[in-house]
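Input: a single structure, listed below in structure tokens.
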Number of protein chains: 2
Amino acid sequence: MNLSPLSQDFVLHFGEMGSRWGINRTVGQIYALLFVSAKPLNAEEIADALQFSRSNVSMGLKELESWHLVRLQHLPNDRREYFSAPEDVWAIFRTLADERRKREIDPTLSMLRDALLATPANDEDKFAQKRMTEMHNLIEMATSWFNDVQRLEPETLKQLMKMGTKVTKLLEMKDKIKVVAGGKTSIGVSR
Amino acid sequence: MNLSPLSQDFVLHFGEMGSRWGINRTVGQIYALLFVSAKPLNAEEIADALQFSRSNVSMGLKELESWHLVRLQHLPNDRREYFSAPEDVWAIFRTLADERRKREIDPTLSMLRDALLATPANDEDKFAQKRMTEMHNLIEMATSWFNDVQRLEPETLKQLMKMGTKVTKLLEMKDKIKVVAGGKTSIGVSR
DNA sequence: CTATAGTTTCAGTAATTACTGAAACTTCAC
DNA sequence: GTGAAGTTTCAGTAATTACTGAAACTATAG
């Protein structure tokens with residue numbers, strides 16, 4: 001691998017973590033390489049830098065494309081495809097969250113919905129359904145909330161996160177604040 | 001498998017999803033079984049219900065214990081160990097999030113911190129470090145926020161989630177609200 | 001202490017997943 | 001069209017991970 005020690009560590013680490021994140025080592029390393037690379041790279045360069053076979057790189061890139069985690073572009077007077085990781089880390093975060101939700105949550109939600117429609121055959125089924133309902137409701141709420149929050153402007157989100165749990169202070173206040181419908185917001189102490 | 005079709009579907013689904021969640025099929029199924037089961041089960045019963053070898057169950061339970069996802073208990077006049085999934089789905093959610101953070105995020109954060117301490121050898125390293133900084137900051141902020149939010153009372157959290165993006169309305173207001181230090185909250189329009 | 005019920009470990013094997021290199025396919029300049 | 005450059009597919013193989021059954025270990029009742 002013809003990379004600086006700094007990048008190399010980063011790339012290798014992502015390879016290792018890949019397995020914990022449900023992507024394979026190759027894919028993790030390719031992504032890491034693109035992430036720290038200042039310029040887009042073509043498949044040949046990637047294969048060379050990481051010492052993978054050309055076809056392995058091709059499959060890895062395909063995988064990354066399916067995750068919407070790389071951008072494909074062409075350089076003038078060059079037929080080869082160049083790949084890069086999106087610059088905006090927030091966008092990456094969002095993409096990752098979306099994709100994981102699609103793969104890891106949605107199928108479960110839909111299975112749960114089906115299960116909850118079924119008529120319980122006995123007491124055990126009734127209990128099982130109760131548990132499934134709890135699980136369904138929690139997942140439903142958490143994901144839809146996450147979904148909402150996720151699409152806030154990065155700046156707003158940042159502000160929100162920086163507040164941390166202080167946001168609950170606002171919640172406590174909520175009851176005392178009256179928001180007048182119709183665009184204009186008036187603040188006053190109720191009661 | 002001697003389970004009702006309802007539970008069986010649930011258990012099999014968790015087995016399948018297991019692989020996407022970084023746990024294996026066996027472990028996923030064991031967990032699902034415990035989750036929908038009204039009473040704690042011993043290893044024998046689990047092996048029997050899921051048609052796994054006794055030792056496979058033993059290893060699966062060990063794995064689940066390491067994730068803090070099952071409770072071990074003893075029944076009176078019975079030497080066998082009985083296992084159950086915690087009843088509170090919020091607690092499960094929290095545990096899961098904690099464990100995943102430990103395994104999937106923390107190592108990366110620490111690697112990034114190390115990398116950021118290194119002296120860049122050239123321009124490429126400088127660029128790489130810039131990218132790593134962005135990633136580090138984002139992960140740091142997101143996880144510590146998540147951490148905070150996660151430990152709120154379930155009720156508060158629920159309330160927060162139900163509000164969805166409306167929370168930003170409160171944010172907009174924030175500037176106009178003055179919180180007086182010292183316990184008592186006074187509300188007034190600033191400027 | 002011994003017998004027995006219960007649990008864990010581990011070496012061997014099965015199943016799955018990742019990777020390679022050769023061949024097929026695609027695209028484009030000429 | 002032809003050929004060269006680039007990309008993808010895929011069958012075979014390597015590497016990894018999951019699973020089993022037998023043996024070792026542990027705890028307890030008597």
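So that the names make sense, note that chain A is the first sequence line, chain B the second, and so on, each numbered from 1. Heavy atoms only: backbone and side chains are in, while hydrogens, waters and symmetry mates are out.
Here the straight-line distance linking atom CG of Leu75(A) with atom CD of Glu81(A) works out to 11.5 Å at 0.5 Å rounding.
Exactly one of Leu41(A), Leu61(A), Leu33(A) qualifies for a side chain to side chain contact (heavy atoms under 4.5 Å, CB included) with Phe83(A). That residue is Leu61(A). When Arg101(A), Arg100(A), Arg94(A) are each tested for a salt bridge (Lys or Arg N to Asp or Glu O under 4.0 Å) with Asp98(A), only one passes: Arg101(A).
Within the nucleic acid shown, Glu44(A) has no heavy atom closer than 4.0 Å to any nucleic acid atom.
Where Thr26(B) and Asn42(A) meet DNA chain D, the nucleotide closest to each residue was compared, and Asn42(A) sits on the side nearer the 5' end.
Taking atom CG on Asn56(A) and atom P on dT9(D), their separation rounds to 14 Å, with Å as the unit. Distance Asp78(B) CG to dT28(D) P: 13 Å, rounded to the nearest Å. The CZ atom of Arg54(B) sits 15 Å away from the C1' atom of dC10(C) (whole-angstrom rounding). Atoms CG (Asn24(A)) and C1' (dT16(D)) sit 12 Å apart, rounded to a whole Å. Atom P of nucleotide dT16(C) and atom CZ of Arg20(B) are separated by 16 Å, given to the nearest angstrom. For the pair Arg80(B) CZ and dG6(C) C1', the interatomic distance rounds to 9 Å; values are reported in whole Å. Per the geometry, CG belonging to Asn77(A) stands 13 Å off P belonging to dG6(D), to the nearest Å. Remark: P of dA18(D) and CH2 of Trp21(B) are 17 Å apart, rounded to the nearest angstrom.
Donor-acceptor pairing under 3.5 Å, judged by distance alone, is present between the side chain of Ser55(A) and the base of dG21(C).
You'll find that the side chain of Arg79(A) is closest to dA5(D), out of dT20(C), dA5(C), dA5(D). In the set dT7(C), dT9(D), dC19(C), the nucleotide with an atom closest to the side chain of Lys62(A) is dT9(D).
No side-chain donor-acceptor contact under 3.5 Å links His74(A) to the backbone of Tyr82(A).
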